[in-house]
Structure formats: structure tokens, C-alpha cells
Asks: 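Structure in C-alpha cells, see below.
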Amino acid sequence: MGFGKGCHLHLIDGSAYIFRAYHQASGMEMKYRYRSDGTPTGAVQLFCNMLWSQITSTKRDAPTHVAVIFDHSSETFRNAIYPLYKANRPELPEDLRPQFPLTRDATRAFNIACIETEGYEADDIIATLAARATEAGGDVTIISSDKDLMQLVGPGVMMFDPMKSRAIGPDEVFEKFGVAPNRVVDVQALSGDSVDNVPGAPGIGIKTAALLIQEYGDLDTLLARAGEIKQPKRRESLIDNADQIRISRQLVQLKADTPLDVTLDDLEVRTPEPDRIMEFLNRMEFRTLTRRVADSLKIAPPAPLPESAGTNPNHPEPTAPDRLPFDHAGYEPVTTPDALHAWITAIRDHGTVAVDTETTSLDEMRAELVGISLSVTPGKAAYIPLTHRSGTDDLFGTSQLAPGQLPLDDVLAALKPVLEDPAILKIGQNMKYDWKIFARHGIRITPFDDTMLMSSALHAGLNSHGMDTLSETHLGHTPIPIKSLLGTGKSAITFDRVAIPDAVKYAAEDADITLRLWQHFKPQLHRAAVTTVYETLERPLVPVLAEMEMAGVQVDRDTLSRMSNAFAQKMAGLEAEIQEIAGEPFNVGSPKQLGEILFDRMQVPGGAKGKTGAYATGADILEDITTLEDTHPQAARLAALVLDWRQIAKLKSTYTDALQDHIHPETGRVHTSYSITGAVTGRLSSTDPNLQNIPVRTEEGRRIREAFVAPKGRLLVSLDYSQIELRILAHIADIPELQQAFRDGLDIHALTASEMFNVPLDQMTPDIRRQAKAINFGVIYGISGFGLARNLRIPRAEAQGFIDRYFQRFPGIKGYMDSTIKDAQARGFVTTLFGRKIHTPEINAKGPTAGFAKRAAINAPIQGTAADVIRRAMIRMPTAIEGLPARMLLQVHDELLFEVDEDAAPTLAARAKEVMESAAHPAVHFKVPLIVEAGQGRTWAEAH
DNA sequence: GCTCTCACG
DNA sequence: GACGTACGTGAGAGCA
């Protein structure tokens, strides 16, 4: 059948696709994936994944025909018109360049047409094919984020932006250029393009160009009538540069008559030839994709090629055990006492064992132990099934233990001496989890190593540290997905329902991987100079956090429940009022519906649509609307009511309701889980529930903390560091005035205000102090004029003036910022005062990404050093408060919360304060004192 | 599953 | 000349 009506041609802009793959690879930790000969392949792999899902898509708009179009070379007919065309293109990133030819190979291997024509750009070929396809009556989707292609959008032609995963139609084009697609060329000709080096008309940007074209209809009319333009600058620019503008139009106008030696019919989607695609994928060492494609083509995957020797610039040469293939034949179930004892003997012989537990839940406080896996030699591992259930339930919905398992208590009794033996090193991946599981069975694992924490000490900022990522990155092996055993969603089963032979493969593999990762990381810690970080800031935190999590905090259900009811009533009242004003019932919780009411129905000006096409209705925007009493009184009232409603709704759903579900049925307390590697800076994060974001800033919200209580006869004691990040900034950036202010115990924001605005301290006003405070925080966050302006709601120029004055007054700050960025650019990471490394892989990026990376790089040493300080305090705390009837319950970044018998509260507070204030010693002596403030009470609200 | 919004330091 | 921005998190609700 020839190409025609009903056919759908996908034209993939090769460069756009590669860039998309490259950026996604960076975000997904695959940027640092290399073939064993050292060739970077992360972007190629994602490129292949995307191609494969394109041609196997079963969606309604799946392509019947597809082509990938590449630029042939940088010299095109446009250079004949204007020699400087595209002379400003930035250099390709070094690790992307070698991947370009590989993506052409990939396209051919997938049996997809790969088109390039000498002297023409990919964009012209795309224009030509799109024109031919629409003439023949078919539909076209152009997959690209290049704005130069937007002129092609029209009947039968859509674009899809792979960077943002969104469709681009006439509306989106209008949003971007302010004109319909057929006038885009005119706007571009006027505004020019610095990246492509299209000159355009000086002083005229897209906004102005769109206005002019809207007014005059098209470019030729505009140029002919340029003399009528009122604004002198615009008029002169157009008259003086008319030729240059016409040349610009030639540059941006795509040619729809490029010579091609393919026909549309040649582009039909075809199944890849098995030999060719397998050879390619195998050569690239894409093991998972090779398997997936082989499965789909119903052929056997080829044996992996022997890995050639080569060097990987980012990760050291794998050691021998890493290269051992993963083979399930090395994994055995342990179901007899003899087999168990043979393993225990082997562990004692080696002195090192990787341990992993399988349980019924990710929540350690509710998880039941199902089995244990062990490994002492790479490639060999055991799984001890303990409480797997047989497949069928009886009449009462309960099930029998599956046969052939050793009794749980016997196995634990046999393993306890090993797990607690000071001469045997236990290795785990995320050991806090297993530590808690064993602790609930009376076993305290010691000593241990944790591969997740090793990875964090080595590679924070480069990749996350879950087992799947680590295995893929460092061992080149994709572990069996847990989903393949448990399923997903509602029909998911728990691990005790997994058939034992399947469990053996999965669980033993985990222990095997953990052992291999340990062997891989261990020698790297020293080379990267992070042994101290790992041994003093990461590993010792495990038992401390485990004990805190197991202790939990008492939360009073009745208090929460009463609040919930009160909130529900208040919300109902507000809702009625809101809908009354709106004049129609709508879902107040839907930002989309609210936006339509405010900006369409009520005609509030300034509605801005985000990338999804919905109006933004965040709190700052609603607050602005509340000030429109004069022009839009109804909307102003509505916005104020919605703000109230939002606050209550948040408190109810996230706190008073959800928190009740987290009260443990047996302990009656709430047990959070801290993630040690959750934040790149070294901060902890808290989940299930998050107890680090309990409200405090508003009066209403703070009342939630009344539900956090001490048991009878006990008190909660809260200690928090005062201004720790600013103190650290004063030290690191070495600002004598700020240091002295902290030594003198002055109000630091008032002092800043006084220095900046030349206002004596005794004449300080709250408003001036507020502005200085915002600047102080801004500095910690990597200040920008834009950000400060938005925060303070002042003109951008004014905000920039503040910043300039701040830098002038405290020159050390600018010095710190500049040297930190330089450091990051040269080394790829920044460090805290205690040696923690935070990698900054995007720091040399082009465009807005670099801005993000720079600000993050400025912030990381400050936030990270503060995180290190409180970690040191927490690690010392159990010893310091030993013997007191007290325990540490929670950490909230700069605060520690304790529970203590009433009469011991003063002693506890004094000791804990001392530990916290001296936590940096002896490693670091700050030039400013660290000050800790204490509070106590029956509830967290009182104690804070 | 993604986006928006909002709670904390 | 415009881009799109304060740093670091986690969770619930709406919506496709």
C-alpha cells in the first residue's frame, strides 16, 4: 500500500533526539555509563530505548512510517547566503560527540530510514518530507524541540517536543511566537537568533516582532510601510536593516524542495532484521535492551561478547569479581541444618559476609521476616527461606507455612553469634533496614559496612544509591526486578507469597550484588579521600537512627481527630462561600478549575499559563489577587477565601488525617523512617510519615504540634541550632563583621540591615530588617537579582542594587561564591568543611541549567556543613546521655527532639546542648560560636 | 504516573 | 536579548 490517507509519518529530528537522550541520561545517572572499551554510551542507550518504543508503540497515533533525519555536515546552502550562519554554535560536550555516529548506526540497526543530504540541514529535509506527506493526504508528527521547525505546524502537521514531552500545535506556536505558524518565519527574520547567528533587526526581540507582524500582517508589508512606525528606535532599525532582515528570512525559511533519494513508501515501519539488531545491541553491551528486543522478536539473545580491556574515565577498571557473570546456578536454597552450618563455617572462614533480609513490607516496624540471604564469594549465595506461605488459603483466609523451611527461631539462634561477632564484618545495602529487622528479633548487628553509604560518600550528586542503580552502574548488571515477583498495584503480593525457587534467585542475587559492590567500593574510599566521611559521618549514624525510628514519638489520636472534625466544618463553610461568589459549583481543590473561574470567568488580568496549559494559582499569585479590591472585588474576596481553604485542606489531609494512619497499632506511636542518602548535601530526609515538615510557621498549623506529646511523667525537650547556616557562611566566607556580630550575640539580620542601609541599630525598623533577612537567606541560596526581587516583591533593578551593595560591604561573600564555582568547574564537586563531597555534574552545562548548578554549588558546602555538624552531635549523643532516662526521637535539620523523665529534663538539656555546641570539635574550630537554644514541655508545641 | 501546590529547614 | 531562577526535601490531590 502506498503512502496516503490514514498513514502517519513520524519525522524524528536526530539531533533533538540525541540531546534529549543525553540530558535524560544525565538526569538518570546514565551519563556515566561506558562500554567496556571506555566509549560513553548512556545517550545512545536511551536513544535506542526511545526508537524501540516508537516503532513498537500500539497507541492510536503510532507511526506507520518513520524516519530519523540528521544534519550531514555543518556547511549548507545557508552559508553561501550568510557565511556566519551558525558560527556561534557551542561546542558539543566531550562525552556526547563520540555518541553521534553510534546513533546513526543504531537507527540503521533498527531498520529505520536514516536520512541526510549534503548541503542541506535536517530541518529542510523534514520540511520536504512533511510537505510530501501532507500532499499525499497523510498525517505528520515532527519529533523535535527546535523552534525553527515550528513554521511547519499546520493542517496535518504537529510537533512533539521530546525534551518536555508535550505536543506542539498552532496554540503552542502562538504562545511562543505570538503569531500563527505561517508567520513564524517573519517573526524570526525580525528577532534573529543568537545561537544560529541569524542577525535579524537589532533591538527587536520576539515580543516586539510579534506585535509588528500582528499589526501589519506580514513582513513584506511591514518593511514597505516601516516609515509609519511611531517608535523611532523600531522604525530606524527596520529601515536601516531591511536587507539584513530579508537575508535573515532566507536563513530561517525552510526549503521544502530538498532533493531526496527516498520515497515516502521507503519509510514504512519495518521489523528489524534479527541478526543486525542483535549484533549492534550486543556490541554496545546493552544487556537489558538486547534481551527485551530478542524477546519481542522471539529469538534467543546472543551470548555477550568477551569484554575487551579498556579504561573508564569515571569509574575505575572493574576488579576481577565484577566481571564474573551473574548466574543463578551459583545460588542455593538452605533448608537443612547441615547446609546452614556449612554456611556458618564458611562465613567464619572468610570473616566477611553480605547479608540481606526479605520481608513482607518496606515499613521496618511492620515488616515480618520471610527469609535471609548470604554471600561470602562473588557468584555464590544462599537463601534461607523461613516463613514463606503455601499457595492456597484455607477457608479463613489464612495460609500454611510452605513445607521444607527451617524454623525461624532456630535459624536466628544459629546466626546471632555470627551477626554479633566483632571479628566478622557484615555487609549490607541500606543496612539500617536489616539492622532494624534483626533488632526486632533481639540481634544487634556489629560490625558492618553499608554499600549504599559507601556510594553516597563517593558519588553524592552523580547518581542515587539504590541497589538497582549501583548494580547497573558499577557491575553492568540489571537485577531481577522485584515487580516481576510481586506484581504491582492492587494485585501485588507480599514476599512470603513468592514461590521459594523464585525467591532464591532474587534474594541470593541481592546478596551477591551487595558483596560485589562492596569489593568494588572498598578500595575507592581511600583513593577518593572519603574514608573519614564514610566512617565518621555515614556509617555510625545507622544504629543511632535505627534506635530513634524504633522509639517513635507519641502522637495523640484524639487531638488529631478533634482537629480534623473542626477543619472539615470550616472547609465546608468556606467552600459554600467560595462557590457563592464564583456563581457555580466547582472543585475548590482543582487549580485548573480555580484558574478558569478567576482568569476566564472573572476576567482577572495577568493570568499566566504554565507548560501544561493550566493557569498558575499558587499562594503568591492568589495573594496578589487579594489586593485587587478596587478593580476586581469579587475575585479578591474569592482569592482570600481560597487561601484560607487551602491552608485548612493541607493541614487536614497531610497532617490531622494522614498522621492518624501512621500511629502504630502496637506501640501507639508514630515511627518515621530517615533516609541517610536522601539529600545530596548530607541532610537527612524523613518519610512515611515525613516528620520534618510538621507545621510551625502559622498559628493554626502550629497547633498540630500539640498532638505530639510526652507520655505521663515525661517531657519533650527540643534543642535547635540558632542561625547555623549563617554562622557557617560567616566562617567559610570569612566575613569579620559577621563573625564579630555572632561573637557579640547581636541580631544578625539587624546588623546586616544596619551595614547595608546605613541605619543605626537603635533606629532599625522591622521592614528594613526583613529585607536584610531576605538578603542573608538569598546569599545562602546563591542569590540572584530575579529571585530576591520576587521574594521581596520589589523591582528587579532595586534587588540587584541590594545585592551589589551587599557584595561591596562584605567582599568575602563574592569571593566565596566565585571560588566555589571555580572549584566545582575544575573538579566536578564541592566539599563541606568535614570533607563530604557533593558532585556538580551540570556545572559546565550551557543555558539555564548552569544557573541551577551554580546556585546549588554555592549552597551545598553551607547546607552540607550544617548537616555534618548535627550528624556528629547525633552520633555522640547516645554515649553522652547514657544512664539518663531519656531518648532521642527526632531530627529536623537543625533541631533534635528528646523525650525524658520530668526530673531529668534539666540534666538532659544541659548535656545535649554541650554535645551540639561542640559537635564540630576537634575536626573543625569555627571562628564563630555555635549556639543551641532549648525548650521543654508536655507537647512539641510547648517545647519548640 | 505526572503536575501542582504547600508543609518544613 | 531572552531564557527562567532563589537552596534542600516529601506528600496529597487532581487529572489524564
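Predicted model, so just to flag it, every value in this text is computed and none were measured. Letters go in sequence order (proteins before strands), and every chain restarts at 1.
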Asks: Please list, in 5' to 3' order, the outermost nucleotides of DNA chain B lying under 4.0 Å from any heavy atom of chain A.
Replies: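 Listing 5' to 3', DNA chain B meets chain A from B:dT3 to B:dG9.
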Asks: Will you find, in the side chains of A:Ser784 and A:Arg796, an N or O donor that is under 3.5 Å from an N or O acceptor?
Replies: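 Checked: A:Ser784/A:Arg796 side chains show no N/O donor-acceptor pair below 3.5 Å.
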Asks: Rounding to a whole Å, what distance do you find between A:Leu729:CG and C:dA6:P?
Replies: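 It works out to 20 Å between those atoms.
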Asks: With the side chain of A:Ser653 defined as its heavy atoms from C-beta on, choose the nearest nucleotide among C:dA13, C:dA6, C:dC7.
Replies: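 Given the options C:dA13, C:dA6, C:dC7, the side chain of A:Ser653 is closest to C:dA13.
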Asks: Taking CD from A:Gln863 and P from C:dA6, how many angstroms apart are they, rounded to a whole number?
Replies: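 Spelled out: CD on A:Gln863 to P on C:dA6 is 16 Å.
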Asks: What's the verdict on side-chain contact (heavy atoms from CB on, under 4.5 Å) for A:Leu716 and A:Phe898, showing C-alpha distance, side-chain angles and the deciding distance?
Replies: CA-CA 6 Å; A:Leu716 294 180; A:Phe898 296 82; over 6 Å; no
Asks: In whole angstroms, how far is the P atom of C:dT5 from the CD1 atom of A:Ile783?
Replies: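 The answer, rounded to whole Å, is 18 Å.
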Asks: Please assess A:Asp148 against A:Gln188 for the test side chain to side chain donor-acceptor pair (under 3.5 Å), listing each intermediate value before the final yes or no.
Replies: CA-CA 8 Å; A:Asp148 298 342; A:Gln188 286 187 291; 2.9 Å; yes
Asks: Is the shortest side-chain N/O distance from A:Thr654 to OP1 or OP2 of C:dA11 below 4.0 Å?
Replies: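 Result: no.
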Asks: A:Phe829 ring centre to A:Lys837 NZ or CZ under 6.0 Å, with the angle to the axis within 45°?
Replies: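 Yes, A:Lys837 sits over the ring of A:Phe829.
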Asks: Regarding A:Gly851, tell me which of base, sugar-phosphate or nothing describes its non-hydrogen contacts under 4.0 Å with the strands shown.
Replies: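 A:Gly851: no heavy atom of the nucleic acid under 4.0 Å.
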Asks: Of the options C:dT9, C:dG8, C:dA11, whose atoms approach the side-chain atoms of A:Thr681 most closely?
Replies: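 Of C:dT9, C:dG8, C:dA11, C:dG8 is nearest to the side chain of A:Thr681.
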Asks: Does a side-chain N or O from A:Arg790 land closer than 4.0 Å to OP1 or OP2 of C:dA6, or not?
Replies: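 Yes, because at least one side-chain N or O of A:Arg790 sits under 4.0 Å from OP1 or OP2 of C:dA6.
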Asks: Which residue, A:Val680 or A:Pro591, contacts DNA chain C at a nucleotide closer to its 5' end, judged by nearest heavy atom?
Replies: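 That would be A:Val680.
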Asks: If the C1' atom of B:dC6 is compared with that of C:dA2, how far apart are they to the nearest Å?
Replies: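 30 Å, rounded to whole Å.
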Asks: Taking the six-membered ring of A:Phe852 (Phe, Tyr or Trp), confirm whether the NZ or CZ of A:Arg855 is under 6.0 Å from its centre and within 45° of its axis.
Replies: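 Because its charged atom sits under 6.0 Å from the ring centre and within 45° of the axis, A:Arg855 does stack over A:Phe852.
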Asks: Determine whether A:Ile213 and A:Phe177 make a side-chain contact, defined as any pair of heavy atoms from C-beta on separated by less than 4.5 Å.
Replies: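 Heavy-atom side-chain distance check fails, nothing below 4.5 Å.
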Asks: Remember a base hit wins even if backbone is also touched, and classify A:Ala789 as base, sugar-phosphate or nothing at under 4.0 Å, heavy atoms.
Replies: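 A:Ala789: no heavy atom of the nucleic acid under 4.0 Å.
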Asks: Does OP1 or OP2 of C:dG8 have a side-chain N or O of A:Gln692 closer than 4.0 Å?
Replies: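 For A:Gln692, the contact criterion (side-chain N or O under 4.0 Å from OP1 or OP2 of C:dG8) is not met.
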Asks: Would you say the rings of A:Phe802 and A:Tyr806 are close, in the sense that their centroids are separated by under 6.0 Å?
Replies: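 Between A:Tyr806 and A:Phe802, the centre distance exceeds or equals 6.0 Å.
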Asks: Categorize A:Asn693 for me: base, sugar-phosphate, or nothing, with a 4.0 angstrom heavy-atom threshold over every strand shown.
Replies: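 The answer is base, as A:Asn693 lies within the cut-off (heavy atoms under 4.0 Å) of a base atom.
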Asks: Whether A:Asn587 contacts C:dG14 is assessed here as follows: a side-chain N or O lying under 4.0 Å from the phosphate OP1 or OP2. Is that the case?
Replies: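 True: A:Asn587 side-chain N/O within range (under 4.0 Å) of C:dG14 OP1/OP2.
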Asks: Taking NZ from A:Lys650 and C1' from C:dA13, how many angstroms apart are they, rounded to a whole number?
Replies: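 Value for this atom pair: 10 Å.
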Asks: What is the pairing partner of C:dA2, taking Watson-Crick or G-U wobble pairs with both distances under 3.5 Å in any strand?
Replies: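 Its partner: none found.
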Asks: By the 4.0 Å heavy-atom rule, please label A:Asp657 as base, sugar-phosphate, or nothing.
Replies: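 Result for A:Asp657 = nothing.
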Asks: OP1, OP2 of C:dG8 versus side-chain N and O of A:Ser685: anything below 4.0 Å?
Replies: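 No, because none of the side-chain N or O atoms of A:Ser685 sits under 4.0 Å from OP1 or OP2 of C:dG8.
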Asks: For B:dA7 versus C:dC3, give the span between their P atoms, rounded off to a whole number of Å.
Replies: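 Result for the P pair: 30 Å, nearest Å.
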Asks: Which nucleotide in the set C:dG12, C:dT9, C:dT5 lies at the smallest distance from any side-chain heavy atom of A:Phe786?
Replies: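 Among the listed nucleotides, the one closest to the side chain of A:Phe786 is C:dT5.
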Asks: Using a cut-off of 4.0 Å on non-hydrogen atoms, how would the nucleic acid contact of A:Arg796 be classed: base, sugar-phosphate, or nothing?
Replies: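 Base contact.
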Asks: Remember a base hit wins even if backbone is also touched, and classify A:Arg697 as base, sugar-phosphate or nothing at under 4.0 Å, heavy atoms.
Replies: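 Answer is base: heavy atoms of A:Arg697 come under 4.0 Å of a base.
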Asks: Across the strands shown, which category fits A:Ile780 at heavy-atom distances under 4.0 angstrom: base, sugar-phosphate, nothing?
Replies: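 If one applies the 4.0 Å heavy-atom cut-off, A:Ile780 turns out to touch nothing in the nucleic acid.
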Asks: Can a donor-acceptor pair be found between the side chains of A:Gln863 and A:Thr681 at a distance below 3.5 Å?
Replies: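 Distance-only check passes for A:Gln863 and A:Thr681.
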Asks: Give the rounded distance in Å between these two atoms: CG of A:Leu211 and C1' of C:dA2.
Replies: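 Taking atom C1' of C:dA2 as the reference, CG of A:Leu211 is at 15 Å.
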Asks: Side chain of A:Arg855, base of C:dT5: donor and acceptor closer than 3.5 Å?
Replies: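 Indeed there is one.
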Asks: From C-beta outward on A:Lys592, which listed nucleotide comes closest to its side chain: C:dC15, C:dG8, C:dG12?
Replies: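 From the listed options, C:dC15 comes nearest.
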Asks: Would you mind reading off the distance between A:Arg646 atom CZ and C:dG12 atom P, rounded to a whole angstrom?
Replies: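 It works out to 18 Å between those atoms.
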Asks: Applying a 4.0 Å non-hydrogen cut-off, can you work out what A:Ala860 is touching in the nucleic acid: base, sugar-phosphate, or nothing?
Replies: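 If one applies the 4.0 Å heavy-atom cut-off, A:Ala860 turns out to touch nothing in the nucleic acid.
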Asks: If I take atom CD1 in residue A:Ile728 and atom C1' in nucleotide C:dC7, what distance separates them, rounded to the nearest angstrom?
Replies: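 Going from CD1 in A:Ile728 over to C1' in C:dC7 covers 14 Å.
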Asks: Please give, in whole Å, the distance from C:dT9 P to A:Asp894 CG?
Replies: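 Atom-to-atom, A:Asp894 to C:dT9, this comes out as 16 Å.
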Asks: Looking across every strand, which nucleic acid part, if any, lies under 4.0 Å from A:Phe777 by heavy atom: base, sugar-phosphate, or nothing?
Replies: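 A:Phe777: no heavy atom of the nucleic acid under 4.0 Å.
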Asks: Could you check whether A:Ala619 gets within reach of a base, just the sugar-phosphate, or nothing at all, counting any heavy atom under 4.0 Å?
Replies: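 If one applies the 4.0 Å heavy-atom cut-off, A:Ala619 turns out to touch the sugar-phosphate alone, with no base involved.
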Asks: Reading DNA chain C from 5' onward, which residue's closest nucleotide shows up sooner: A:Phe852 or A:Pro202?
Replies: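 Per heavy-atom nearest nucleotide, the more 5' residue is A:Pro202.
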Asks: Give A:Ile862 one of three labels, base, sugar-phosphate or nothing, depending on what nucleic acid heavy atoms sit under 4.0 Å from its own.
Replies: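 The answer is nothing, as A:Ile862 stays clear of every strand by at least 4.0 Å.
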Asks: Looking across every strand, which nucleic acid part, if any, lies under 4.0 Å from A:Thr687 by heavy atom: base, sugar-phosphate, or nothing?
Replies: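 Sugar-phosphate only.
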Asks: Check whether the side chains of A:Asn776 and A:His749 place a donor and an acceptor atom closer than 3.5 Å, and report yes or no.
Replies: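 Yes, a side-chain donor-acceptor pair sits under 3.5 Å.
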Asks: Mind checking A:Thr617 for me? I need base, sugar-phosphate or nothing, with any heavy atom below 4.0 Å counting as a touch.
Replies: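 It contacts sugar-phosphate atoms only.
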Asks: Across the strands shown, which category fits A:Gly782 at heavy-atom distances under 4.0 angstrom: base, sugar-phosphate, nothing?
Replies: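 No contact.
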Asks: Is the number of heavy atoms from other residues, nucleotides or ligands within 6.0 Å of CZ (A:Arg703) greater than 12?
Replies: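 12 or below, so no.
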